[in-house]
Amino acid sequence: MDLGRLNEKQQEAVRYTEGPLLILAGAGSGKTSTMTHRIAYMVEEKGIDPYEILAVTFTNKAAGEMRERIESLVGSTRGMWVMTFHAMCVRILRRDGEQLGFNNNFVIYDGTDQKTVMKNIIKELNLDTKEYKPAYLLSVISRKKELGVTPKQFRENASNDPRARVLVQVYELYQKQLMENNAMDFDDLLTNTLLLFHQQPEVLANYQDRFRYIMVDEYQDTNHVQYELVKALAGDRKNICVVGDDDQCIYQWRGADIRNILDFEHDYPEAKVIKLEQNYRSVGNILAAAHSVIENNRGRKAKRLWTSREKGAKIRYYRANNEKDEALFAAREIERLRDKSRRGDGFREPLSYKDFAILYRTNAQSRQFEETFTREHIPYRVLSGLRYYDRKEIKDLMAYMRLVVNPRDDLSLRRIINEPKRGIGEKTIDKLAVFASVRGQSILEALGDEEVLQTLPAKAYEAVKAMAATILLCRQERENLRVSDIYDHLLVDTGYLAALEAEKTVESEGRIENLMEFKSVIYDYESQEALATMEADLSFRGEEETEAEGPSIDGFMEHLSLMSEIDNHDPSQDAVVMMTMHSAKGLEFPVVFLPGLEDGLFPGSRSFDSESGMEEERRLCYVGMTRAKERLILSSATTRTLYGRSDYTRESQFLREMDESLLEGDRVFKRRDPYGSRTTTYRGPGVSTGPIDGFREEAKPYLKPFDVNVAKTETRAAASGGETDFTPGDRVRHPKFGTGTVRSIQGKMVVVAFDEAGEKKMALGIAPLKKL
DNA sequence: GACATATCTAAAGCC
DNA sequence: TAGATATGTC
């Protein structure tokens, strides 16, 4: 096999197939290529059975890419496990997890489900909602699970103060609820697998025996449980290869333990360490600047990226007046560089829009860029956390489908029992829940009984009966029906689609469209699974390899919960990409903008409390900078409006750490922390040394284009006399509050400053507002 | 039960 | 500032 395209270090890593191996792969050092070649080498040159290889990644995307690239090298990955930690655990638990008391058709709860459960618990325990918020409690539980602490252990070790006692109680109750609903959250998948390994040594032995070669990608992001899992699987054979970069550990806040990679040599004293330090991505100046920042971190493995490429242009820095100016600067800069590149001035090829990326610290920063780019007619795409599967109609249908798979899922039932409206409210549901628990059933199961149905309010009876019958029938027939058929039944027979169709609004039509789009997701799944089954039949190997069983609703739900996000980074679209620095990890762009380099924003204000927090921010900065291939453009704003407050800012500590000789444009205002504490706001002059290319725009009031979707309320609006088309500045009258002036439009709400009653926010089109 | 209005609170987001 | 959630009212 041809390793000629790999450098010496990479080749060494490829050939070192036996015993523990740590590959420290710096940014842009050809990590994936090395890993995939290594696997290909094992199969082709060493004659290792693909069946004995396990490659674990963190994201589906990474797993998909790796699989694809291995396939292009050796033709097939059949038998090989190339998947995420979570997918691996699900597979193990479904296969061998019954001993733990879990039905092997457990469902996986996502963040929204977890939140719902937690809200119920808070209510049940009558907790102070100010002090105990769902997100906080969930993060406490998650941290515990990541450390492998069970509710029992937590109870035993918890102190006696009231707060700790509450946390213990919450954790216990939370686990109990999940168990009752036959559900696991993402953390449970990992912890339960580890538990299984501990309790059933023969199960573990089985997997140890199978997976003689283990690879772990992004090892710096593993948490403690993942570390233990890997260690367990590697067993005494210790044929384990981990790949990572401690400088790119940016997920400590969600449990990643950087010690795992830092201490690998300690865990495996015989480990071989190979550093990949040649960078194939960025020009020299970019690497040097990134290095000048990251070297301020104390706890890191010594390494320094180098490149054989030219130094390239200097890093450009712009100190904007405010965030609008900052966005406009980026817009102009993009056009300027496009022009320049078309003239062949300093660029090998003309740049198109998709060659530019704006990487910010917080999602909120995207708005300014979006507005500006829209006005400047620059095409852009925002990759954000707003997920397709978070849309209400999709979640509703998913809840219906989950009930088909798991009728014990009361959470899902509560979600859809009155969706579409069936005349059922909170009280009725609670009554049903009591009935069900008395009978030892879930709510849906109870609804299968006429006796229980009879207790419903008369107006709800028919609809609820039909709904329950539909779901239960689909369940009964799920072996005979295609997933898409089940979907159709649920959509139609429960009245969901009819209700949307009856609405006849722009919004409802959009929802219907989404539901149709969702169906194509199902179709994709069906054909994909059918294909996999065919292949599996062809390659029967006599083992218990039951990976392809054909499409099923169970399989589809699992596919969904593990996928969660359609990869929406479609590089074929020619548009500037905007995303957070976190989501940019692993990507690269010819030109990268890092805006908002201000203390308090980046590094974020919370990170000043601890050294480790600051170091993580610094690593994030390093990740951001090393995404750039040719040009890196930094900016900050003198004034920034955050949470409705406008404040002066101080240039980011990271800017001040950067090697000045590599910067051009505005001067970075450097002084040794002249203002002492971080609570002091910087107000000094002399921050900027003059405009770049002669422009620096003042903030102009920007009127939001009136594009608010008020369709849903149109009919009502007409009936109640409510108007929908207001513009900031309009004078209005409200029957109760008197006259006022429209301040702003926020989504579907209009904010009015009343002359007498102060500022009020009210729903557009419904509020009895009249224009004067 | 459903809608209208007031209040709250604010990072990053993999599976 | 603005979206999400809680509370109040018909």
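Worth saying up front: this structure is predicted, and the values here are computed from it rather than measured. Letters A, B, ... mirror the listed sequences (proteins, then strands); counts begin at 1.
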A.B. asks: Nearest-Å distance, NZ (A:Lys421) to C1' (B:dC3)?
C.D. replies: 10 Å

A.B. asks: So which one's nearest nucleotide on DNA chain B is more toward 5', A:Arg254 or A:Arg422?
C.D. replies: A:Arg422

A.B. asks: Report yes or no: is the ring centroid of A:Trp253 under 5.5 Å from the six-membered base ring centroid of B:dA12, with the two planes under 30 degrees?
C.D. replies: yes

A.B. asks: Taking only side-chain nitrogens and oxygens of A:Thr428, does any of them come within less than 4.0 Å of OP1 or OP2 of B:dG1?
C.D. replies: yes

A.B. asks: Can you establish whether the number of heavy atoms outside A:Arg67 located under 6.0 Å from its atom CZ is more than 12?
C.D. replies: yes

A.B. asks: How many Å lie between CG on A:Leu456 and P on B:dG1, as a whole number?
C.D. replies: 12 Å

A.B. asks: Separation of A:Lys119 atom NZ from C:dA4 atom P, in whole Å?
C.D. replies: 12 Å

A.B. asks: Taking only residues two or more places apart in sequence or in another chain, which ones pass salt bridge (Lys or Arg N to Asp or Glu O under 4.0 Å) with A:Glu228?
C.D. replies: none

A.B. asks: Between A:Tyr219 and A:Val243, is any pair of side-chain heavy atoms under 4.5 Å apart?
C.D. replies: no

A.B. asks: Measuring only the P atom in each nucleotide, how far is B:dA12 from C:dT5? A whole number of Å is fine.
C.D. replies: 16 Å

A.B. asks: Looking at A:Lys31 and A:Glu218, does any basic side-chain N land under 4.0 Å from a carboxylate oxygen?
C.D. replies: yes

A.B. asks: Could you tell me whether A:Ile424 contacts a base, only the sugar-phosphate backbone, or nothing, with contacts defined as non-hydrogen atoms closer than 4.0 Å?
C.D. replies: sugar-phosphate

A.B. asks: For the pair A:Asp110 and A:Lys395, find out whether any cationic side-chain nitrogen is under 4.0 Å from an anionic carboxylate oxygen.
C.D. replies: yes

A.B. asks: What does A:Asp221 touch in the nucleic acid at a heavy-atom separation under 4.0 angstrom: a base, only the sugar-phosphate, or nothing?
C.D. replies: nothing

A.B. asks: Distance check needed: B:dA12 C1' versus A:Leu359 CG, whole Å only.
C.D. replies: 13 Å

A.B. asks: Rounded to whole Å, please give me the gap between CD in A:Glu323 and C1' in C:dA2.
C.D. replies: 15 Å

A.B. asks: Expressed in angstrom and rounded to an integer, what is the separation of A:Gln365 atom CD from C:dT1 atom P?
C.D. replies: 19 Å

A.B. asks: Can a donor-acceptor pair be found between the side chains of A:Gln365 and A:Thr362 at a distance below 3.5 Å?
C.D. replies: yes

A.B. asks: Salt-bridge test for A:Arg414 and A:Asp430: reply yes if a basic N is under 4.0 Å from a carboxylate O, no otherwise.
C.D. replies: yes

A.B. asks: For nucleotides 8-11 of chain B, list the nitrogen or oxygen atoms of the protein found under 3.5 Å from its nitrogen or oxygen atoms, one pair per line.
C.D. replies:
| from | atom 1 | to | atom 2 | distance (Å) |
| --- | --- | --- | --- | --- |
| B:dA11 | N7 | A:Arg606 | NE | 3.4 |
| B:dA11 | N3 | A:Arg361 | NH1 | 3.4 |
| B:dA11 | N3 | A:Arg361 | NH2 | 3.0 |

A.B. asks: Rounded to the nearest Å, what distance is computed from the CE atom of residue A:Met83 to the P atom of nucleotide B:dC14?
C.D. replies: 20 Å

A.B. asks: Taking the C1' atom of each, how far is B:dC14 from C:dG3, in whole Å?
C.D. replies: 24 Å

A.B. asks: Residues two or more places apart in sequence or in another chain: which of them pass salt bridge (Lys or Arg N to Asp or Glu O under 4.0 Å) with A:Asp396?
C.D. replies: A:Lys392, A:Arg415

A.B. asks: Rounding to an integer number of Å, can you tell me how far A:Glu419 CD sits from B:dA2 P?
C.D. replies: 10 Å

A.B. asks: At 4.0 Å (heavy atoms only), tell me whether A:Lys115 reaches a base, stays on the sugar-phosphate, or touches nothing.
C.D. replies: sugar-phosphate

A.B. asks: Closest to the A:Asn418 side chain: B:dA2, B:dG13, C:dT1?
C.D. replies: B:dA2

A.B. asks: Counting just side-chain N and O atoms, does A:Ser583 come under 4.0 Å of either OP1 or OP2 of B:dG13?
C.D. replies: yes

